Every structure is written in structure tokens, then in C-alpha cells.
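Since the structure comes first, as C-alpha cells, the remarks are kept for the end.
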There are 2 protein chains.
Amino acid sequence: MDTTQRTEQQRSADRRRRELLEAADRVVLRDGPQASMNAIAAEAGITKPILYRHFGDKGGLYAALAKRHTDALLDSLRAALDAPAERRERVEATLDTYLAAIEARPQVYRFLMHPAEGSPGDQGFDVGKHSAPLLRRMGEELAQVIEERLDLGPGSQQLARVWGHGIVGMMHAAGDWWLGERPCSRAELVRSLADLLWGRLAAAGDRMGGPGF
Amino acid sequence: MDTTQRTEQQRSADRRRRELLEAADRVVLRDGPQASMNAIAAEAGITKPILYRHFGDKGGLYAALAKRHTDALLDSLRAALDAPAERRERVEATLDTYLAAIEARPQVYRFLMHPAEGSPGDQGFDVGKHSAPLLRRMGEELAQVIEERLDLGPGSQQLARVWGHGIVGMMHAAGDWWLGERPCSRAELVRSLADLLWGRLAAAGDRMGGPGF
DNA sequence: AATGCATGTTACTTGCGGTAACGGCAGTCT
DNA sequence: AGACTGCCGTTACCGCAAGTAACATGCATT
């Protein structure tokens, strides 16, 4: 039949696609986000046009690659977020999961956070939504969890979304800085961030005369 | 004298440099961060090699360009941060200043947040510190203000730095998302973020059974 | 056998970053 | 005056990466 044919071919194509993605993964992990299509093709043992047939353009390949890692990271984050524990503990677990991930595989992390990368696919200069898709997805995910679980009164949905993206951004920026300078242990970072979210900024006393920040 | 000569030439060169930067600014504002050196040179009424003589490479030009805008933005942020008002008000003023800036000139904003941009100057794949310099500088600046003004007990310096980068990241991510979707007014966004920093996350009640997020 | 189709190739075009190599045009030193 | 030094500017080129024909081949179906 036609359908069985298609599924056969589909499977084969999907397998090939996965192989290609794994090759691309190796190269990107080695050479960074500026890995060339030629290099990726060579790693896969083939030549460029095949890559283009499978993924359209460089952006397509990178998007596919990013989706794999993003999905994986989001899964582990969801696990930390859904664990049966009290709020503070969960927040810390989630922060720690994220930080552990970027610590363990910084190259993947850098790749994921680097969307545009000069790929000519993103012209049109669409301001806004220029952030890495990973950030957006994490923000939305967190917003949903917040809105589901917390009683925030009126306007809760909007508030939850602001918080979701805000907290994710906080985590990301702090993590990025931390990864570059390593000024403290992961556990300390987690604690500091959780403290910030727990309102210690508002509770802190002024240092001397005048209104503190 | 020799010195006067030098200053003469220096002045001329500096003027030229400024003119070139302004031309580059116009092009980047029009074409986005992927503006080509050719286009910039054309806008300035000259050809490529001159740009390279002045700025070394594309990264140099972009760095110079970014520095101008970054300095300007940081100045206005400092003003908001140093205003004589109480803490919450200052936080809101600072958030609002930042958001107003990115709202008024989104193209500049996007350019500033897009460091690598495929420029071959950034290879070497230095994970960490890959963030836009603007983010780093804002984080450090804020950290300094926090550490100066707040009494955070032991380990205050480190805590202040974590918070500085974290808060800046929160502001950035939320701003980016907001700029893309415009889900609410700027004032609402400011309020929501300030509420987050003021510990409303910790204070919120659970929605139903089980420990909330 | 003939058709269709995915897989693979080589060889090309286009466009950009970056770089020689050369040409004039001040002012300066002897 | 005439050679010297710097700077501004050009044209023409190199290298490299993205992306695209156009052609070749193996394998299924009809």
C-alpha cells in the first residue's frame, strides 16, 4: 500500500535525520555554534546538499538540534518542579537542576542560548522574541506552573507569566555570570537566588543614613 | 611642536571616527545587527578599508558602537538608581527607565543584546561571559549599588553580585518577552516585577491542596 | 522493463569579512 | 625647491561559508 510505503520511507528518513543530528551535535560540541555546514557534513560522512535536503537551511538544522536539547532540559526541570516537597525546596531544586545542567555541558548551553548566530534566516529584524527559544519555553513553562499552583488574586495569569519569564531570566543571567567567573559554589548560588526570590531584598536594612537601594 | 601636531591629528581622527560611528549607527538601526561592512562604508560615503583602519575589524566597530549606547543607557540607569527616594520607589524607577529605553529604541536594544552575531572575532568558544557586555556591566553596576547601600550581613559582597546579575537578568528577560508580546502596560510590568522582588512569591498562598510551587 | 523516488555526488554562484597594493594630498625637514 | 612622512581614499583581490543546480545511482513498486 501507499501508506506502508510512506511509513517505511519515513522511518528510514527519520533514522537518517537522527544520525545526522547526532553528527551535527558532535561537531557543534567540538567547534561551537560557528560550526560550518561542511564540517557537519564531513562528520556525518556525507556532503552538504544532503543536510540541506533534510533541514532546509542552517537555521533549520540548528533549530532541530536545539529542540532536542531543549526538550531534554525541560524534562529534567519539570521533574524538579513537580517533586513532592514544599515550595522553597522546589525552587531550590529547580535552580540547582538548571545550574547543574549548564555546568555539566557548557557548550550545549552556549549553543542553546545563541539563536541568531548570523544565520541569514532570521533577517526581517523582528525585535522582541529574539531571545533564545529555550528561554521563552522555560519562561512559559514556569508561568504555567506558577499559575496552576499559586493563588495570586486578580490578574493572576498575567502576573504568573511576568514572573515566569522574570525568574527564568534571573536564573539564566546569574548562571551565565557564575559560569564565567565561578565566584562561589553552586549551592551558595542557589541559596542566594532563592533568598532573593524570598524577599530578602525588601527585608534588608539600610547600610547607613539615607534610604538604601 | 610634536605634541600639538599629534593632538591636531588625534582630534581629526577622533572626529572622523565619530562620523563613521554615526553612519554605522544609522545603518545598524535600519538593517539590524547583520548590517554589512560594505553597507556601513557606503552610508559613510567611503569604502571598507577605511573602516578597517579605524576599527580593526567588525567586532571592533560593533564594540565601539555598543559602548556608546551602553554608556548612555547606564547613565540614565544610574540616575534612576541614585534618586533620593525610598527603596521600592527606586527599584521601580530603575525598572521603568530600562523598559522605557528598550521600548523607545528596540533596534538599539536588540543590537546591544546580540554580541556574537557570527563575527569571527569571537571564536575560541569561551563559554561563560558570552552574554552581552551590556548585561554584565549592568549587573556589576547594580551589584555595587546594592553592596554599598544594603546591610546584608556576612558574605554581603558575593550576595550583592549574585543579586545584581540576577535582577538584571530578570529585568532583561521580562523586558524582552514583554517587548515581543506586549501583554500589558509598562507600569503593570514594573509593578509585577517589583512585587516579585518584594517577596510576593514566597508570601502567596497555595491554590489547592499540596504544597504550591 | 520502466517509472518513481530518495540518496548521494561535483561544481557552481553569491555574498561577506578581511587584506594587499597602489594613488594623491597635506605638512615637514634639509 | 625638493625629498620625506602620514593620512585618506581607492580598486582589486583572497578565502570561506551558505546555499543551489545538475547530474548519477540504487531500490522499490506497477
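Just so we're clear, the structure is a prediction, and the values are computed from it rather than from any experiment. First the proteins, then the strands, lettered A, B, ... as listed; each starts at 1.
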Options C:dG17, C:dG18, D:dA18, nucleotide nearest the side-chain atoms of B:D57: C:dG18

When you measure from the side chain of A:S36, which nucleotide among C:dG18, D:dA18, C:dC16 comes out closest? D:dA18

Mind calculating the distance between [atom1] ([X]) and [atom2] ([N]) to the nearest angstrom?
X     : N      : atom1 : atom2 : answer
A:L51 : C:dA6  : CG    : P     : 17 Å
B:Y52 : C:dG18 : OH    : P     : 4 Å
A:L20 : C:dT7  : CG    : P     : 9 Å
A:K58 : D:dG19 : NZ    : P     : 8 Å
A:D31 : D:dC16 : CG    : C1'   : 15 Å
A:N38 : D:dA18 : CG    : C1'   : 9 Å

Which residues satisfy the side-chain contact (heavy atoms from CB on, under 4.5 Å) test with A:Q158, sequence neighbours excluded? B:C184, B:E188

Taking salt bridge (Lys or Arg N to Asp or Glu O under 4.0 Å) as the definition, give me every residue that meets it alongside [X], ordered by chain and number, with sequence neighbours left out.
X      : value
A:K48  : none
A:R53  : none
A:D71  : A:K67, A:R137
A:R191 : none

Any protein N or O atoms within reach of nucleotides 8-13 of chain C? Criterion: under 3.5 Å, listing atom names and distances.
residue: C:dG8; atom: OP1; partner: A:R16; partner atom: NH2; Å: 3.4
residue: C:dG8; atom: OP2; partner: A:R16; partner atom: NE; Å: 3.2
residue: C:dG8; atom: N7; partner: A:R53; partner atom: NH2; Å: 2.3
residue: C:dG8; atom: O6; partner: A:R53; partner atom: NH2; Å: 3.0
residue: C:dT9; atom: OP2; partner: A:T47; partner atom: N; Å: 2.9
residue: C:dT9; atom: OP2; partner: A:T47; partner atom: OG1; Å: 2.3

Going by the angle between their ring planes, with limits at 30° and 60°, are A:Y109 and A:Y98 parallel, tilted or perpendicular? perpendicular

